[in-house]
Amino acid sequence: MKIANEHHISEVLARLLVNRGLSNSEDINAYLHSSTDTMHNPHQLKDVDYACDILEEKIRGNTRIRIVGDYDVDGVVSTFLLYTALSRVGANVDYEIPERMKDGYGININIIKAAKEAGIDTIITCDNGIAAIEQIGYAKEIGMTVIVTDHHDIPFVENEGVRTEVLPPADAIVNPKQHDCNYPFPSICGAVVAFKLIEVLYERFHVDKKESKKLLAYASIATVCDVMDLVDENRVIVKYGLQLLKNTDNKGLSALMELHQINTFKLSAYHLGFIIGPCLNASGRLETAKIGLSLLLEQDDEKARKVAAQLKELNDKRKDMTARGVEEAIEIIETTDLINHKVVVVYLPDCHESLAGIIAGRIRERYHKPAIVLTKAHEGVKGSARSIEQYNMFEELTKCKEYLDKFGGHPMAAGLSLKEENVEPLRLALNQRTELTEEDFINKISIDVVMPLGYVKEELVEELELLEPFGKGNEKPVFAEKNLTIIKADILGKNRNTLKLKVENQYGKRMDALYFNQIDQFNEYLIDKYGNNEVDKLYKGIPNQIKISALYYPNINEYNGVKTPQIIIQGIQ
């Protein structure tokens with residue numbers, strides 16, 4: 001009550017803030033009224049000033065600089081940001097992005113050789129490079145200047161319990177994960193690391209801060225798509241970035257949003273993570289990431305629309321291929337002993353290697369277990385890993401590095417390559433060495449507030465918008481109510497993937513409820529508990545005995561100018 005009164009908010013919102021670990025007035029104010037002024041000082045990043053010393057000298061000397069990015073959204077956006085900023089301050093700059101199938105992840109010897117032959121003096125990496133010890137060593141041997149900007153975990157060796165970082169011999173390394181870096185919030189994506197360097201660089205060249213702040217629109221896309229926790233300055237970046245994107249003058253992004261009929265007034269982190277991001281990603285998965293980059297760089301409206309259409313087509317193709325891969329993986333898991341493994345390692349030789357990460361994510365979601373999907377590559381086997389909070393994938397792979405040719409990543413995601421004969425030994429080693437328990441595989445859902453439907457009003461829904469943007473680390477609140485009677489049910493949508501319910505609580509409050517996907521499981525659950533006859537009554541709108549307890553989020557349905565409260569069901573019991 002004290003928090004509610006002090007901040008002029010409802011008791012419901014006050015409780016949600018406490019559930020997010022916010023209790024003192026300063027933290028609550030910063031959360032509710034976040035602004036870019038609360039972002040951290042870029043000068044706190046180790047080597048960022050020295051990296052800008054180098055770049056300033058190279059720019060003023062008209063020395064050729066090449067950006068080497070990565071083929072995912074974070075890498076594409078990082079490349080775009082650095083190319084835009086370096087061009088802005090007069091650098092002689094171009095870029096290269098590795099091709100997933102031909103080059104693999106990150107900077108490689110061939111890219112370095114090509115740069116040297118083209119007369120490039122300086123390479124600056126983004127979203128990669130921290131694990132490229134040998135490659136950057138070669139670049140230095142042939143006389144090149146190298147700046148690494150990255151955010152991935154630092155490789156290390158462990159001897160008698162003491163860890164020692166293994167860093168590439170670059171001229172400057174800007175990565176907040178370095179143990180001697182004083183940056184207060186290391187959980188930023190590669191594009192934000194690049195943005196921080198740009199802030200310092202723009203200071204050197206006296207570029208107005210408003211110009212650098214405009215770039216947060218792009219950093220917000222990368223932050224969401226690289227699944228960074230939306231806390232601290234990440235939340236500020238995405239919140240501010242979404243506001244910028246609603247009125248973006250980027251022709252490519254405008255064309256992509258128009259093509260997908262996105263109402264920019266209601267643009268959210270969902271659109272970044274599930275529509276815009278996957279389209280940018282699709283080019284790097286199935287063709288070349290330079291298509292996605294060209295969309296961001298395009299200055300002509302008609303060309304932008306053509307590139308947007310090309311990316312949508314690629315993403316639609318990627319969706320179909322992914323669905324087939326997920327089906328194959330599930331069949332293998334459920335017809336073999338893999339179903340009993342704590343760390344699920346699935347080998348799909350014929351799967352397109354660019355889809356391994358998406359499929360691993362779907363497996364992780366379905367079984368709530370760490371998952372690695374491996375595919376046959378040009379040389380040996382490549383794969384991607386996705387993890388659960390209780391399992392640090394990067395560290396666990398480090399313990400099994402004797403079976404790997406190359407790997408890198410985060411606690412929650414990683415990429416790896418290995419010889420085909422090491423697939424089974426890796427699978428066994430990961431499972432033998434894990435300390436995961438059956439308790440870790442229970443997907444727990446925390447209920448924020450048990451709230452009767454009568455509280456669901458337009459004012460509350462609008463107030464909850466203060467908590468946005470939602471995503472990893474700042475999840476959408478979960479409300480609950482028990483013993484809801486279902487008056488009627490209808491299945492809607494051309495794909496029959498939306499369930500519309502009319503529900504009533506014990507106080508006689510009736511409301512529409514929507515439930516998306518998993519409709520077959522919903523029906524199976526009701527049939528098992530109440531029988532076919534009661535379920536038939538439900539769909540005919542006849543009084544029945546069915547009751548559910550629902551986890552939900554409140555929503556407002558607007559139709560012909562009329563606003564009606566409703567709930568979106570997130571889970572049932």
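Computed from a prediction, not measured in an experiment: that's the story for all the values here. Position 1 is the first residue of the sequence, and the numbers go up from there.
- Of the possible polar contacts, none joining the D226 side chain to the C189 backbone as a donor-acceptor pair under 3.5 Å is found.
- Every pair tested for side chain to side chain donor-acceptor pair (under 3.5 Å) that includes a residue from residues 129-138 fails, sequence neighbours excluded, so the list is empty.
- For the residue pair A269 and V224, the shortest heavy atom distance occurs at O-CG1, 3.6 Å.
- The line from CD of E328 to CG of L348 is 4.5 Å long, rounded to the nearest 0.5 Å.
- Aromatic ring pairs are classed by plane angle as parallel below 30°, tilted from 30° to 60° and perpendicular above 60°; the pair Y553 and F479 is tilted.
- Dense packing is recorded around CZ of F441, with more than 12 heavy atoms of other residues, nucleotides or ligands lying under 6.0 Å away.
- Side chain of K369 to backbone of I339: a donor-acceptor contact under 3.5 angstrom is found.
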For this session: Please lay out, stage by stage, how V146 and I112 fare under the test side-chain contact (heavy atoms from CB on, under 4.5 Å).
Result: CA-CA 10 Å; V146 182; I112 294 166; over 6 Å; no
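- If you take CD1 on I262 and OG on S254, they are separated by 10.5 Å, rounding to the nearest 0.5 Å.
- The closest donor-acceptor contact from the side chain of R66 to the backbone of I123 lies at 3.5 Å or more, if one exists at all.
- With sequence neighbours left out, the ring-ring contact (aromatic ring centres under 6.0 Å, His included) criterion links H152 to Y105, H410.
- Annotation: the span from T84 atom OG1 to I198 atom CD1 amounts to 7.5 Å, rounded to 0.5 Å.
- For residues 285-295, every residue pair satisfying the salt bridge (charged side-chain N to carboxylate O under 4.0 Å, His left out) rule, not counting sequence neighbours, is listed here: E96-K290.
- Of the possible polar contacts, one joining the D74 side chain to the G190 backbone as a donor-acceptor pair under 3.5 Å is found.
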For this session: With side chain to side chain donor-acceptor pair (under 3.5 Å) as the test, would you mind laying out the steps for Y347 and E424 before giving the verdict?
Result: CA-CA 9 Å; Y347 184 29; E424 189 60 27; over 6 Å; no
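- Remark: side-chain polar atoms of D232 are not paired, donor with acceptor, to backbone N or O of N234 under 3.5 angstrom.
- Between T149 and S78, every side-chain heavy-atom pair lies at or beyond the 4.5 Å cut-off.
- Counted within 6.0 Å of CD on E379, heavy atoms from surrounding residues, nucleotides or ligands total 12 or fewer; the atom is thus considered open.
- Note: I130 CD1 to T125 OG1 = 8.0 Å, rounded to the nearest 0.5 Å.
- If you look at Y270 and F470, their ring centroids are not closer than 6.0 Å.
- The side-chain heavy atoms of T223 and L230, taken from C-beta on, include a pair separated by under 4.5 Å.
- Distance CG/L245 to OG/S220: 4.5 Å, rounded to 0.5 Å.
- Contact annotation: the side chain of I188 never approaches that of M228 to less than 4.5 Å [non-hydrogen atoms, C-beta and beyond].
- Few gaps surround CD on E421; more than 12 heavy atoms of other groups in view lie less than 6.0 Å from it.
- Residues S446 and V478 fail the side-chain proximity criterion, which asks for heavy atoms closer than 4.5 Å.
- In this structure the side chain of L197 never reaches within 4.5 angstrom of the side chain of V193, judged on heavy atoms.
- In this structure, the side chain of N474 engages the main chain of P469 through a donor-acceptor pair within 3.5 Å.
- For the atom pair CG of L499 and CG of N523, the computed distance is 7.0 Å after rounding to the nearest 0.5 Å.
- The main-chain N or O of R427 is found under 3.5 Å from a side-chain atom of N431 such that the two form a donor-acceptor pair.
- Counting heavy atoms from C-beta outward, M412 and V227 have side chains that stay 4.5 Å or more apart.
- By the neighbour-count criterion of 12 heavy atoms within 6.0 Å, atom NZ of K246 is densely surrounded, having more than that number from other residues, nucleotides or ligands.
- Among residue pairs with one or both ends in residues 217-244, those qualifying as ring-ring contact (aromatic ring centres under 6.0 Å, His included) are F80-Y218; sequence neighbours excluded.
- What you find for S283 and I291 is that their closest heavy atoms are CB-CB, 3.7 Å.
- Sorted by first then second residue, the salt bridge (charged side-chain N to carboxylate O under 4.0 Å, His left out) pairs that include residues 146-155, not counting sequence neighbours, are D153-K177.
- Looking at E420 and K376, a side-chain N of the basic residue comes within less than 4.0 Å of a carboxylate O on the acidic one, giving a salt bridge.
- When all heavy atoms of P370 and I388 are compared, the pair lying nearest together is CD-CD1, 3.9 Å.
- By the 6.0 Å contact criterion, NZ on K406 is enclosed, its count of non-hydrogen atoms from other residues, nucleotides or ligands being greater than 12.
- For E402, the CD atom sits in a packed shell: over 12 heavy atoms of surrounding residues, nucleotides or ligands are nearer than 6.0 Å.
- Proximity of a side-chain donor or acceptor of R100 to a complementary backbone N or O of Y71 within less than 3.5 Å is not detected.
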For this session: Would you please test R324 and D320 for salt bridge (charged side-chain N to carboxylate O under 4.0 Å, His left out) and show each step?
Result: CA-CA 7 Å; R324 291 195 295 272; D320 292 339; 5.5 Å; no
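- A salt bridge (charged side-chain N to carboxylate O under 4.0 Å, His left out) check over residues 338-363, counting only residues at least two apart or in different chains, returns the pairs E353-K382.
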For this session: Would you please test Y391 and V343 for side-chain contact (heavy atoms from CB on, under 4.5 Å) and show each step?
Result: CA-CA 9 Å; Y391 188 84; V343 182; 3.6 Å; yes
For this session: Take H368 and I442 through the test side-chain contact (heavy atoms from CB on, under 4.5 Å) and record every step on the way to the result.
Result: CA-CA 7 Å; H368 198 66; I442 299 171; over 6 Å; no
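- Under the 3.5 Å distance criterion, the side-chain polar atoms of N108 are matched with a main-chain donor or acceptor of I111.
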Problem set entry | From CA spacing to verdict: side-chain contact (heavy atoms from CB on, under 4.5 Å), V345, L374 | CA-CA 7 Å; V345 181; L374 302 172; 3.8 Å; yes
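- Between I569 and F522 the shortest side-chain heavy-atom distance does not fall below 4.5 Å.
- Closest approach of L280 to G292, counting heavy atoms only: CD2-O, 3.7 Å.
- A heavy-atom distance below 4.5 Å is found between the side chains of L551 and I447.
- Looking at N128 and D70, their side chains never bring a donor and an acceptor atom within 3.5 Å of each other.
- Residue E313 places its CD atom among 12 or fewer non-hydrogen atoms of other residues, nucleotides or ligands, all under 6.0 Å distant.
- Here the closest heavy-atom approach between residue A304 and residue K251 is recorded as CB-O, 3.6 Å.
- Looking at D490, its side chain never comes within 3.5 Å of a backbone N or O of K500 through a donor-acceptor pair.
- Scanning both residues, L286 and S354, for their nearest heavy atoms gives CD2-OG, 4.0 Å.
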